[in-house]
Number of protein chains: 2
Amino acid sequence: MEDVARAAGVSRMTVSRALRSDGPVSDETRSRILEIVKKMNYVPDQSAGSLSTRKSGFIATLVPSLNNLHFAESVQALNESVEDIGLQLLLGHTDYSRSREERLIESMLKRRPEVIVLPFDGHTQRTVKLLKQANVPVIEQWEIPEKPIDYTVGFSNADAAKRMTLALVERGYSRIAFVSESEDAWTRGAARRAGFEQGMLEANLSPHRQVRFGKPPISIHDGYLIGMQYKEHFADADCIFCVSDAPAFGVLSGLKELGVNVPNDIAVVGFGNFEMSRFASPKISTVELGGREIGQQTGSLIRRLLLAEAGIPKHTPINIQLKWRESTRTR
Amino acid sequence: MEDVARAAGVSRMTVSRALRSDGPVSDETRSRILEIVKKMNYVPDQSAGSLSTRKSGFIATLVPSLNNLHFAESVQALNESVEDIGLQLLLGHTDYSRSREERLIESMLKRRPEVIVLPFDGHTQRTVKLLKQANVPVIEQWEIPEKPIDYTVGFSNADAAKRMTLALVERGYSRIAFVSESEDAWTRGAARRAGFEQGMLEANLSPHRQVRFGKPPISIHDGYLIGMQYKEHFADADCIFCVSDAPAFGVLSGLKELGVNVPNDIAVVGFGNFEMSRFASPKISTVELGGREIGQQTGSLIRRLLLAEAGIPKHTPINIQLKWRESTRTR
DNA sequence: GCTTTCAATGTTACCGGTAACATTGATTTC
DNA sequence: GAAATCAATGTTACCGGTAACATTGAAAGC
């Protein structure tokens, strides 16, 4: 910057001003400086600037995994909605591990992010402490925590699963089985299971047809193995409701291999509306979660937070939708 | 840091040393300082440190899109392989646009990354200029450029497609159709198409059975629409080779809807080995690219670069594999 | 014509760390 | 016992920007 200033015959400060579009510099001086900047290929060092302004321009962003289009989409939407105001995502994936989450947050805080965005899936005590002390807005996404740290953007997985369950009952299914992970480490999965149980109880039906298999996150392959055990698990069921589309897709291919017809012999329902569900055969009925919307809403929430607007709501609800396709009968 | 130093009765410098595991500080002093750090919840500011050491700890990383498990996996693998040495990814997605790529690089350079990782898919002239002037190692991934900027990690898409084509011929297919995007904006797709054509010519077969449809990146839905036009496009073909697994999956569901049997009436082959291909019905034969391996190899390359090791090869080749499944006949 | 005002620019200090060199005091060496 | 050595710690300056205040000179106001 010194070099540029010298070449332009001004002080460093004037160069600094010329580079920020709002700085009070005469048009003539600015254009002269910008020309020299270009000629000398000068690229300002944003870290140095951040140190002085105390604005890092970073958003610490955690996702469970990129290996899942939900999250990837939501990150992409978030990025798109904040990049025009010069914000950068610092991305990390927790791999569904709370201790990894804690470690990531600890290391990201060293970069002084202006906002912290993370999925809610339970946190360690230390994570909560770190987040609170960071003195930075925290946005928890996807599932809504009972005790939010700060802001939330998401929906209730339990309510969504319950809604689907009751809709299935309304469509004539009564012996509905629920497929989920063998552990409840994955909070959102556990919430969906709870929603299923509530729905069944409310309809006076048994919530006890459940298959629990596979470590979170449950995969297509886990679903396939479950599907292959049709006789054992689903002989008296009329519908298989899966905790996510991945196992639903797998279950379908297992059933196909056994010659079990969906939806005539049994219905299959997923959760999440992955792209593959639209193209499975039969196409899978599922719950659409709006990953893009979560990213976008988080982005606009961040913009408002950084402008220090007043009256920003603590919770931004996201709408879910039931998608009916070929894997269920229509009444 | 000043506060910690005062509380410990030492100078700031000693605190700084105590926080870096290698600093020459007596064990007693270090443990005392670390205790105070913990009690006061002091989190050092890495930007300030970077300014002084001139090491940002950032890796600028571009991907075409996160909306594709290939890239997501490779990013995840890269991240895992460098996070233990304290490196952070600055992630951006180009959305398959070169001007977006240019803009992202420009903005990331302000963070003074220590390495730049990006997919090769053609660059603008200005991008190349920016990269060269940045005076930082550049790693181009996936496709191998004819004129690499610096380091490369990847494989030749043309060779891979040619290999698959010749293998199909060997399996008895001769009237092979190739499905790809309507534009060649996507360099890797164009390379695959070129490889297909070379393979067919080498086998003395016609490379002219081609369907070009959809904007890059071609989607499952595009494939579906293409599959639905079986009579029009594939009446005299015996195999459909798709530029990626996404359209292959879509083609399959289109054909199924028309009652065309795969592989008896016609074979379908993809490229990329997406997870869905293993669970489609029939399961899709495809080319496995090794996204994780690209991420890992890039990670270990970066480690060697930052240690300034000697004799680092400019190119790291990645192996591809042909995966034979149900969508093709075995000879 | 003299003061006021204001836009454009300059000066100084500081953001929060660390590099490089200086200092100190105990231990080793002969 | 004096000099040499070395581990532990301190001092000073600097990394590359910007905030905050100071200065300057031309235009506006009376």
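Lettering of chains follows the sequences in order, A, B, ..., and the numbering in each one begins at 1.
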Pairs meeting criterion salt bridge (Lys or Arg N to Asp or Glu O under 4.0 Å) with involvement of residues 23-34 of chain B, two or more places apart: none

Atom-to-atom span, CG of A:Leu19 to P of D:dG17 - whole angstrom: 9 Å

Qualifying side-chain hydrogen bond (donor to acceptor under 3.5 Å, both in side chains) pairs with a residue from residues 138-149 of chain B, counting only residues at least two apart or across chains: B:His123-B:Glu140, B:Gln141-B:Thr298, B:Glu143-B:Asn157

Distance-only side-chain donor-acceptor flag, B:His315 / B:Thr152, under 3.5 Å: yes

Residue pairs fulfilling ring-ring contact (aromatic ring centres under 6.0 Å, His included) with at least one residue in residues 28-64 of chain B, sequence neighbours excluded: A:Phe58-B:Phe58

Where at least one partner belongs to residues 35-63 of chain B, residue pairs that pass salt bridge (Lys or Arg N to Asp or Glu O under 4.0 Å), sequence neighbours excluded: A:Arg112-B:Asp45

Spacing between B:Lys55 atom NZ and C:dG16 atom P, to the nearest angstrom: 24 Å

Salt bridge (Lys or Arg N to Asp or Glu O under 4.0 Å) partners of residues 85-110 of chain A, not counting sequence neighbours, each pair once: A:Arg100-B:Glu83, A:Glu102-A:Arg126, A:Glu106-A:Arg126

Whole-Å distance separating the NZ atom of A:Lys110 from the P atom of C:dG17: 11 Å

Given D:dG16, C:dG17, D:dA19, the nucleotide with the shortest approach to the side chain of A:Asp45: D:dG16

A:Leu109 CG - C:dG16 P separation (whole Å): 16 Å

Under 4.0 Å protein heavy-atom contacts per nucleotide of nucleotides 4-15 of chain C, with B for base, S for backbone only and - for none: ----SBBB-B-B

